[in-house]
Protein chains: 2
Amino acid sequence: MRDLARAVNLQGGSLYAHIESKEEVLFELVNRAADEFLNHAEAIPANLSPKEHLERLIQGHLEVIVRSLDHATVFFHEWKFLNPELQRKITARRDAYEGHFRKVIEAGVRLGEFEVEDVRLATLFVLSALNWTYHWYRPGGPLTLESLSRHYRDLVFKTLGVRSNRSTSRANGA
Amino acid sequence: MRDLARAVNLQGGSLYAHIESKEEVLFELVNRAADEFLNHAEAIPANLSPKEHLERLIQGHLEVIVRSLDHATVFFHEWKFLNPELQRKITARRDAYEGHFRKVIEAGVRLGEFEVEDVRLATLFVLSALNWTYHWYRPGGPLTLESLSRHYRDLVFKTLGVRSNRSTSRANGA
DNA sequence: AGGTGTCAAACAATCGTTCGTTTGAAGAGG
DNA sequence: CCTCTTCAAACGAACGATTGTTTGACACCT
């Protein structure tokens, strides 16, 4: 808390003129990170095909992680240190977010765009691959967000058994 | 430290007759978790096909995570709190472990078993999907390790563009 | 006797938080 | 223009608890 205070040019105790407790601040942090993910997902138009929709979900997800590495890290980990009631609020939002992915994959399977044995496991698999990005991606490196998004979109599509659209994956055949 | 002491029926300070410091204990924990992963990987026979080899790697990886959730959690996170020198020892072993996956994927691409644009990114993608398992898998639930391994193996194979072996993934087509 | 392991106590540092006081700017009344 | 009051914001010291670790005395085993 004293570190936080110093960051806004305050004495440790002075923070408590503005906040209730350390936990309240943590919740605010985690919850706003949840906002970032959910806002991206909810801003996607509803009339897209599952493939297009999922591509946007992937882009948004990676964008949030890459552009706000710290927020993503807090979102993925620190909610465990909230009290049970606040934890429930966060996990509810996380489940809602996962729902966006699951539903679009379900729709894709229904329309024959995807071919997947177990939608729940496939959703988990895909989201896992995306989430872990915060462990290794460092902005300013050689890999741009756009390049990462394209590669990961292709990998996800393969994972979900997309058949057509060989345009991008037929490059090197040596 | 007092909690650790109580777990072995000792007083807090008595621990220091056996250990150097808290950091030493943490390193031991993280390093032994690294052992678990590496031992599994190194026990795989060298004469397998890339597909078989990768399947064993996936099985071993998930087995370590599922059977020692706590160890895996510590391995994935707590190494960051070691001093730089000890951190290097851990990341070196992690890189070696990732190398097992990368090399087998490389070999698979070379032999035409896999079809992948960027081996590095594909390796990262696959390992990410596997690693995240510790976030949600809970032993004793409806999903057995064996079932998880099979599903994830199929998903990884699709991700890596495996063409043949439709035996397991042609079950439900309604 | 001589280690070895354990205890209880204490250590300095740090934690989140509280509290009484001071500060400084804004508004009211003359 | 000056005073007086008000009030939120900040200070700085202190709180009780907890942190990792050290110390010296005591007991046990060879």
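Proteins come first, then strands; the chains are lettered A, B, ... in the order of their sequence lines, and each starts at number 1. Bear in mind the structure is a predicted one, so any value in this text is a computation, not a measurement.
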Mind checking what makes side-chain hydrogen bond (donor to acceptor under 3.5 Å, both in side chains) contact with [X], not counting sequence neighbours?
| X | answer |
| --- | --- |
| E24(A) | none |
| S68(A) | E36(A) |
| D95(B) | none |
| S21(A) | none |

Using a 4.0 Å heavy-atom cut-off to protein, can you give one letter per nucleotide of nucleotides 4-21 of chain C, 5' to 3': B if the base is in contact, S if only the sugar-phosphate is, - if neither? --BBS-B----BBBB---
Taking only residues two or more places apart in sequence or in another chain, which ones pass salt bridge (charged side-chain N to carboxylate O under 4.0 Å, His left out) with E98(B)? R94(B)
Using salt bridge (charged side-chain N to carboxylate O under 4.0 Å, His left out) as the criterion, list what pairs up with D35(A), not counting sequence neighbours. R93(A)
Strictly by side-chain hydrogen bond (donor to acceptor under 3.5 Å, both in side chains), give each pair with a member in residues 119-135 of chain A just once, sequence neighbours left out. H61(A)-N131(A), H77(A)-Y134(A)
So where does chain B start and stop touching DNA chain D, 5' to 3', when the test is distance under 4.0 Å to a non-hydrogen atom?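 First-to-last contact on DNA chain D, by the 4.0 Å heavy-atom rule, is dT19(D) to dT22(D).
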